[in-house]
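Notes follow once the structure below has been shown.
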Amino acid sequence: MLVGAFACAHTPQLLIRPDTEDRALVLRVHAAFARVRVRLETLRPDAIVMIGGDHVEAFFLSGVPALAVYAGASCAGTFGPYAYRYPIHEPVARALVEQGIERGFDLHYTQDAPLDYAFYVPLHFTMPAPPVLIVPLHVNVYLPPQPTPRRCYDWGATVGDILRARPERLVLMASGGLSHYPGTDRYGDPDVEFDRRLLDRLRAGRGRECAALTGEDLDTAGNVELRTWVTLLGAVGDAPADVLCYEPSWHHGNAVVEWPV
Amino acid sequence: MSAGPHYAFPPARAYALNRCLYAIKSDAAFRARYVVDPEATAREAGLDDEDRAALVAGDRDRLVARGAHPYLVFMADLRLRMERGGSRFEHF
């Protein structure tokens, strides 16, 4: 069963803060993460099914899956002095791969790809005590051509159906966004207006409309990672979002959101 | 880099360059070698003279114009700064 749904920013500057970043802003995002952690400790899920956009870490140009499921015993990643390893909830991972393929999604799965920081930055701050198993779901956000928002939404709807039919208590968490343009000449100019309109739409319970966004819309708005949120929206439908924080920095729209399920 | 998408299909001709940026970003041993000797390490990665010059200069615009993926340029640069230890970082 699905017991909770969240979306979290994951920018690495929240974990390792260079002196270019406003410390007070970073701490306000941490406070929103702490609220998610408290919620997870209340919800007591058996696993967190996490939808993340790989930053060309697990999947380089040797193979670029649109959608993938981590279905090994565990997964691990490192960033600077940080090293993470999480056990995977194998029955849920297998159900997602097997039933997803059965329902027409030609999924890639992996039992040894490294884990990107899109997954472990939010988990660093939100993992409840005692820790729970995870199931990472990859969505290609950075290597064009990426899956369309419509495809992500439809995959999310299927993920929601599969998870609701499971006996375990499961939380969905999308990782990514909002507006930022790493490596481009628009890095210092995130599209905060796009983000605010998006969050208003989600608060109003109009998440379904995000499926109609185009890949070009997302690239223009610095929101290529929104595909992970759109995937989650397919599962939560038009539930009205509770925006726990929106903290735009000079380069990044940091948002943390919860949906009732 | 103004017209066109922020993130475009990585051209095949830029594969060696993107492979090298990926290694700087994600392969700690390669990154450590690169910090010690950028020229030789970039040569070892099969980069031609122009790619090597743009990489060693850290010239984002030239790298992207030559087909480098902007995100790889961005994170390779951040990881090099973390490796070289010049900037101050607060760890949470």
Side-chain angles (χ1 to χ4, degrees), chain A residues 11-21 23 26-27 29-30 33 53-62 64 77-83 114 116-117 121 124-125 140-146 179-187 191 215-225 251, chain B residues 1-32 45 54-55 58-92:
Chain A
T11 170
Q13 292 95 338
L14 297 170
L15 183 66
I16 301 175
R17 187 185 67 84
D19 46 22
T20 52
E21 306 300 311
R23 187 168 199 273
V26 166
L27 294 181
V29 180
H30 290 177
F33 284 154
D54 184 61
H55 294 82
V56 202
E57 176 75 8
F59 304 110
F60 179 61
L61 297 171
S62 46
V64 184
T78 61
F79 195 93
Y82 296 90
D116 184 72
Y117 70 75
V121 169
H124 177 90
F125 295 102
N140 173 27
V141 298
Y142 275 110
L143 289 172
Q146 304 97 324
S179 183
H180 62 305
Y181 302 86
T184 77
D185 53 8
R186 207 185 151 172
Y187 186 56
D191 193 342
E216 188 180 349
D217 293 336
L218 298 187
D219 183 87
T220 301
N223 265 291
V224 294
E225 294 178 358
H251 60 84
Chain B
M1 28 184 303
S2 44
H6 295 101
Y7 303 104
F9 184 88
R13 64 179 156 71
Y15 180 78
L17 177 57
N18 279 315
R19 182 74 187 76
C20 184
L21 288 162
Y22 172 62
I24 292 171
K25 172 178 97 66
S26 299
D27 178 342
F30 185 90
R31 182 168 58 243
L55 180 66
D59 186 336
R60 187 201 67 188
D61 290 349
R62 258 164 77 207
L63 288 167
V64 172
R66 295 184 63 75
H69 190 289
Y71 180 81
L72 289 177
V73 177
F74 171 81
M75 189 48 71
D77 174 67
L78 175 63
R79 299 307 298 264
L80 286 173
R81 282 189 283 124
M82 287 168 62
E83 181 89 13
R84 289 173 175 140
S87 314
R88 252 192 51 236
F89 293 97
E90 179 180 12
H91 294 82
F92 292 100

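No hydrogens, no waters, no symmetry mates; every other heavy atom, side chains included, goes into these values. All figures in this text were calculated on a predicted structure; none of them were measured in a lab. Here is the naming used below: chain letters follow the sequence lines, and residue numbers restart at 1 for every chain.
Considering all non-hydrogen atoms of both residues, B/R60 and A/T184 come closest at NH1-O, 2.8 Å. Taking all atoms of both residues into account, the shortest heavy-atom contact from A/Y181 to B/Y7 is C-OH, 3.3 Å. A/Y82 approaches B/F92 most closely through the heavy-atom pair OH-O, 2.6 Å. Nearest heavy-atom pair across A/E57 and B/S26 is OE1-OG, 2.6 Å. Looking at every heavy atom in both residues, B/P10 comes nearest to A/L61 through CG-CD2, 3.7 Å.
In this structure, chain B has a heavy atom under 4.5 Å from the side chain of A/Y187, while its backbone stays farther away. Using a 4.5 Å cut-off between heavy atoms, B/R79 contacts chain A through its side chain alone, with no backbone atom that close. Residue A/T220 touches chain B through its backbone alone, counting heavy-atom pairs closer than 4.5 Å. Heavy atoms closer than 4.5 Å to chain B are found in the side chain of A/L27, but not in its backbone.
With respect to chain B, the highest number of heavy-atom pairs below 4.5 Å among A/T78, A/L15, A/V26, A/L143 belongs to A/L15. Contact count against chain A (heavy-atom pairs under 4.5 Å) is highest for B/Y22 among B/Y22, B/Y15, B/F89. Ranking A/P12, A/P18, A/P81, A/P114 against chain B, the residue ahead of the rest is A/P18, based on heavy-atom pairs under 4.5 Å. Of the residues considered (A/T20, A/V224, A/V56, A/D19), A/V56 shows the highest number of contacts with chain B, using heavy-atom pairs under 4.5 Å.
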Which pairs of donor and acceptor atoms, one on a side chain in residues 68-75 of chain B, lie under 3.5 Å apart (sequence neighbours left out)?
unit_1, atom_1, unit_2, atom_2, d
B/H69, ND1, B/Y71, N, 3.0
B/H69, NE2, A/Y142, O, 2.6
B/Y71, OH, A/Y117, OH, 2.6

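Atoms CZ and CZ, on B/R88 and A/R17 in that order, are 6.5 Å from each other to the nearest 0.5 Å.
Summarising the local packing, CZ of B/R84 is surrounded by more than 12 heavy atoms from other residues, nucleotides or ligands at distances under 6.0 Å.
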